[in-house]
Amino acid sequence: MIEGWLEKALSESNPGARGARSDFDLNAERGETVALEEPTRQAAVLVPIVLHQNAETILLTKRTEHLAKHAGQVSFPGGSIDPDDENAVAAALRETDEEIGLAANHISVHGSLDTYRTGTGFEITPVVATVQPGFSLQVQADEVAGVFEVPLDFVMDRRNHQRQSAVWRGRRRHYYAMPFGDYFIWGATAAMLVNLVDVLEAAREPV
């Protein structure tokens, strides 16, 4: 069962022990890093694995085009950790409920991946959870243009982990991308999915 695999993977991988992953991991040979002393804004996202009977999927959102930041991008539900949030898990669950109306009683949290630092100044904790089917969503239309699901098998296939590049702030930057149908999964979201695959593969039972 995926739940047991997740528990094993997230406990054995010791999330965070390798240090924060970042937007600059694929650019290390160019001498680009994220300075750990730089102030960052703390955030949390939910990595929701939906337990459909035939196959698991990962639920993702597409942000609206009018947002000031990350407009139109594919992302996990989540956002900044507020002072009233007890921890990153509480923030991820609250933001998920606010953004797409997925209630906590459908969600079981199993742990977290490595923290992820973005070039825009966020340090994100990806909270991994399983979701029981049968939920209904109420999307916050101001922030979320739509919700879709990607098969976990698609994400686990390394052939779908592309490395692409673009010029950002005058410099060419490399990033992960996972095109899926009409959706372009890239940047931090794709990198966190690669991290999920890393820890799951590390805990896979030998054949």
Side-chain angles (χ1 to χ4, degrees), residues 20-26 34 40-50 57-82 85 88-104 106-107 109 112-129 131 135-152 154-155 160-169 173-197:
R21 298 194 179 200
S22 81
D23 279 347
F24 298 91
D25 287 349
L26 297 183
V34 175
T40 55
R41 289 167 286 179
Q42 299 297 311
V45 298
L46 193 73
V47 182
I49 302 173
V50 185
T57 63
I58 296 178
L59 186 149
L60 293 164
T61 71
K62 187 175 189 298
R63 302 182 69 79
T64 55
E65 297 289 348
H66 69 268
L67 294 176
K69 295 182 179 179
H70 312 298
Q73 292 186 13
V74 170
S75 66
F76 297 110
S80 296
I81 300 177
D82 290 347
D85 292 322
V89 172
L93 293 175
R94 174 184 56 75
E95 286 280 351
T96 298
D97 189 21
E98 292 175 359
E99 288 186 4
I100 62 174
L102 179 56
H106 285 279
I107 301 171
V109 173
S112 61
L113 301 173
D114 296 336
T115 55
Y116 189 90
R117 294 191 178 215
T118 71
T120 53
F122 284 94
E123 182 174 82
I124 305 170
T125 299
V127 177
V128 182
V131 180
F135 55 84
S136 59
L137 301 179
Q138 186 172 352
V139 173
Q140 186 177 1
D142 286 346
E143 293 188 19
V144 179
V147 178
F148 66 101
E149 296 179 32
V150 179
L152 180 60
F154 174 88
V155 174
N160 295 323
H161 300 183
Q162 300 181 12
R163 296 190 181 195
Q164 299 189 11
S165 68
V167 175
W168 184 65
R169 295 182 179 176
R173 301 288 169 83
H174 296 79
Y175 52 83
Y176 283 111
M178 298 183 193
F180 176 75
D182 294 333
Y183 298 99
F184 188 63
I185 307 166
W186 71 287
T189 301
M192 286 184 271
L193 287 172
V194 171
N195 187 192
L196 174 66
V197 175

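The basis for the numbers below is simple: all heavy atoms, side chains too, and nothing from hydrogens, waters or symmetry mates.
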- Message: For the residue pair R41 and F122, would you count it as a cation-pi contact if the rule is NZ or CZ under 6.0 angstrom from the ring centre and within 45 degrees of the ring axis?
- Response: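 Yes, cation above the ring, under 6.0 Å and within 45°.
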
- Among V128, L60, L59, which one satisfies side chain to side chain contact (heavy atoms under 4.5 Å, CB included) with V47? V128

- Query: Hey, is the main chain of S22 close enough, under 3.5 Å, to the side chain of D25 for a donor-acceptor pair?
  - Reply: yes

- Are the side chain of D114 and the backbone N or O of N195 linked by a donor-acceptor pair below 3.5 Å? no

- Item | Exercise: do E123 and Q42 side chains pair donor with acceptor under 3.5 Å |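 A donor-acceptor contact under 3.5 Å links the two side chains.
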
- With a 3.5 Å cut-off and no angle check, do the side chains of S75 and T61 form a donor-acceptor pair?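 Indeed, the side chains of S75 and T61 share at least one donor-acceptor pair under 3.5 Å.
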
Does the side chain of [X] reach to within under 4.5 Å of the side chain of [Y], using non-hydrogen atoms?
| X | Y | answer |
| --- | --- | --- |
| Y176 | Q162 | no |
| V197 | H161 | yes |
| T189 | Y116 | no |
| H174 | R163 | no |
| L137 | L102 | yes |
| V194 | M178 | yes |
| I58 | L196 | yes |

Search all heavy atoms of [X] against all heavy atoms of [Y] and return the closest pair with its distance.
| X | Y | value |
| --- | --- | --- |
| P126 | M192 | CG-SD, 3.4 Å |
| F184 | A177 | CZ-CB, 3.7 Å |
| A91 | D85 | CB-OD2, 3.4 Å |

- Query: A129: what forms a side chain to side chain contact (heavy atoms under 4.5 Å, CB included) with it, not counting sequence neighbours?
  - Reply: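 With neighbours one apart ignored, the set is L46, I107, V109.
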
- Test log, rule side-chain contact (heavy atoms from CB on, under 4.5 Å), inputs Q164 and W186: CA-CA 9 Å; Q164 299 189 11; W186 71 287; over 6 Å; no

- Query: Does atom CD of Q138 have more than 12 heavy-atom neighbours from other groups under 6.0 Å away?
  - Reply: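 Counting other residues, nucleotides and ligands, CD of Q138 stays at 12 neighbours or fewer.
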
- Query: Should the pair Y183 and F148 be assigned to parallel (<30°), tilted (30 to 60°) or perpendicular (>60°) ring geometry?
  - Reply: parallel

